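This report refers to the structure that appears directly beneath it.
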Amino acid sequence: MPELPEVEVTRRALLRPLCGSRVLDVDMAKALRWPLQCTPQSLAGQRIEDIGRRGKYLLLGLEQGQLIVHLGMSGSLRWHGAGTAPPRGPHEHFRLRTDRGELRLNDPRRFGAVLWHADARTPHPLLGRLGPEPLDPGFEGQQLWRAVHARRAAIKPLLLDQAVVAGVGNIYACEALFRAGIDPRTPGRKLSLRRCQQLLDALRATLEQALCAGGSTLRDFCSSDGAQGHFQQQAMVYGRAGQPCRRCAAPIAQMPQAQRSTYFCRHCQRR
DNA sequence: CGGCCGACCTGCGGGC
DNA sequence: TGCCCGCAGGTCGGCC
């Protein structure tokens, strides 16, 4: 589920209920990718001051540090106002109770993570390796070109590299390349500055469109208020193998790249 | 250093 | 109908 738009939609939905609330307690029922890195009791009593996002990471700013949340492949967060929380489901592995209600992380595959980072002055190592934010207006095509122009790897796996651009996953990499008319197999070093600028524009337009749609919904994604995103109904290529291209009607192709499925149109996307 | 590959998990849909 | 295989929105770490 969780690429930049889904995480951002979740962040916006959580701002109102969570900001300013005070933590009662925290528990991790089943281990996620890593241990929490602190004793759950140490979080009790702290106020949640802000909610940020970096790439696909959601950042809960507490008084004495930061709770870093990653949704992995199958994670979703839900908010339950005070007294409205149903019994815990089998995949609700993390729970944060506050004086206003509780936040739960549902993650069947447990690729997600919740980490405590006490030293807020220096960024957590996981965040330190992230590339620029695609929606940051200060990020220019030239910067993308610099990150890519010396690389032999194909542009599609390069877009998935979080050090090149933060927050892009399989759906939006495929969609942005379609929008830019670029063949996903094109080596990074074959892309001109001009095409990198076009690619960044296309990526931004794709992400903005997904934000407006409330993100994508595949099997288990639900924004925290329970509403479903509907971007996948607008997808031009992702998950559409064999179906006609919405632009030229040629069948959409599917191929593996770096052990992930790439969807593209052989006619509309060129090297 | 760059790039490939396995590992980590569970669930679901398709094919036989 | 039922079982088995392959695949799924991610990414870290080990290896060449």
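Just so it is clear, the model here is predicted, and its values are computed rather than measured. Proteins come first, then strands; the chains are lettered A, B, ... in the order of their sequence lines, and each starts at number 1.
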Rounded interatomic separation in angstrom, taking [atom1] from [X] and [atom2] from [N]:
X         : N       : atom1 : atom2 : answer
Leu126(A) : dG10(C) : CG    : P     : 16 Å
Asp161(A) : dT11(C) : CG    : P     : 10 Å
Leu32(A)  : dC9(B)  : CG    : P     : 11 Å
His93(A)  : dG11(B) : NE2   : P     : 9 Å
Arg110(A) : dG11(B) : CZ    : P     : 10 Å
His70(A)  : dC9(B)  : NE2   : C1'   : 15 Å
Lys156(A) : dC4(B)  : NZ    : P     : 12 Å
Gln259(A) : dC8(B)  : CD    : P     : 15 Å

Inset, instruction - Name the pairing partner of dC9(B), where a pair is Watson-Crick or G-U wobble with both distances under 3.5 Å, or state none. - result: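 Because no pair has both required distances under 3.5 Å, dC9(B) counts as unpaired.
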
Legend entry - Sugar-phosphate only, base, or nothing, as touched by Phe231(A) at under 4.0 Å among non-hydrogen atoms: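 No contact.
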
Inset, instruction - Have a look at Arg152(A) and say if it touches a base, only the backbone sugar-phosphate, or nothing, with a 4.0 Å heavy-atom cut-off. - result: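 Sugar-phosphate contact only - Arg152(A) comes under 4.0 Å of backbone atoms but never of a base.
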
Side-chain N or O of [X] closer than 4.0 Å to phosphate OP1/OP2 of [N]:
X         : N       : answer
His91(A)  : dG11(B) : yes
Gln162(A) : dG10(C) : no
Ser74(A)  : dG11(B) : no
Lys56(A)  : dT11(C) : yes

Legend entry - Check: dA8(C) base within 3.5 Å donor-acceptor of Arg260(A) side chain: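 Checked by distance alone, the answer is no.
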
Inset, instruction - Give a yes/no verdict on base stacking between dC8(B) and Phe111(A): centres under 5.5 Å, planes within less than 30° of parallel. - result: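 It does: the two rings, one from Phe111(A) and one from dC8(B), meet the stacking criterion.
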
Within a strict 4.5 Å, meaning less than it, do heavy atoms of the [X] and [Y] side chains meet?
X         : Y         : result
Arg204(A) : Phe139(A) : yes
Leu193(A) : Gln142(A) : yes
Val237(A) : Glu175(A) : yes

Legend entry - CG-OG1 distance between Leu127(A) and Thr122(A), expressed to the nearest 0.5 angstrom: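 Leu127(A) atom CG to Thr122(A) atom OG1 measures 10.0 Å (nearest 0.5 Å).
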
Legend entry - Arg129(A) side-chain proximity, nearest of dG10(C), dG11(B), dC12(C):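 That would be dC12(C).
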
Legend entry - Ring geometry between His149(A) and Trp145(A) (parallel below 30°, tilted from 30 to 60°, perpendicular above 60°):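 Ring orientation, 0 to 90° scale: parallel.
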
